[in-house]
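Taking it in order: structure first as structure tokens, then the write-up.
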Amino acid sequence: AAETTAGVTATVPLLTPDYASPEQVRGGRITTASDVYSLGVMLYELLAGCRPFDVRAAALEDMVTTICQTPPARPSVACRRSNASPLAARIGRELEGDLDTIVLKALRKEPERRYLSAQALADARNRMQSELGRTRNNLARALNELSRRTEGEAGDRQIDEAVELFEQSITALEQLP
């Protein structure tokens, strides 16, 4: 495809800009790292409810600059920005830490700084899920202890709300690819 601006014609390979890695939009060598970047965009979208960059209506030069130079917001921050609901805010808090780090590593501008393979990305996610399972068990024990110490209907309602929110967050995280 070609775009003409002020008498200059730029040839751009056919690609989906929202999922294209920096090396792809520059016309560089496409490797496994390019695929890891695209997987990172999809994971970001699943977690945050939006893509790391909105380049659909951008001029070619702006699209290239955004993809190649602009760092994405952390998924936890983007989740809270893209959806103002209380659940989104809470899920955003759940994303902070390991999930943010995993996604942002997949979206690094330099291919050599990304995961070496899709399997390495999956392994990082699996390690995080294993840690999440331990966290869930610890929280369940803490909630059970809290319920034994809390008396009355108001305390029960607070505990029920906390358990429901936590279970919704865990369910959302477990559905990640």
**Q.** Within residues 20-34 or reaching into it, pairs that qualify as salt bridge (charged side-chain N to carboxylate O under 4.0 Å, His left out) - sequence neighbours excluded
**A.** E23-R114
(Q) Test: salt bridge (charged side-chain N to carboxylate O under 4.0 Å, His left out). Region: residues 44-60. Which pairs qualify, not counting sequence neighbours? (A) D18-R51, E45-R51, D54-R56
Taking all atoms of both residues into account, what is the closest heavy-atom pair of [X] and [Y], and its distance?
| X | Y | result |
| --- | --- | --- |
| A20 | I67 | O-CG2, 3.5 Å |
| T32 | S117 | CG2-CA, 3.9 Å |
| G40 | L107 | C-CD2, 3.7 Å |

**Q.** Set of side chain to side chain contact (heavy atoms under 4.5 Å, CB included) partners for I30, sequence neighbours left out
**A.** Q24, S34
(Q) If hydrophobic clusters are built by linking Ile, Leu, Val, Met, Phe, Trp and Tyr wherever their side-chain heavy atoms come under 4.5 Å apart, do L104 and Y115 end up in the same one? (A) no
Q) Side chains of Y37 and P22: closer than 4.5 Å at any heavy-atom pair? A) yes
Q. Is the shortest heavy-atom distance from the side chain of V25 to the side chain of C68 under 4.5 Å?
A. yes
Side chain of [X], backbone of [Y]: donor and acceptor closer than 3.5 Å?
| X | Y | answer |
| --- | --- | --- |
| D100 | R74 | no |
| Y44 | A73 | yes |
| S38 | Y19 | yes |

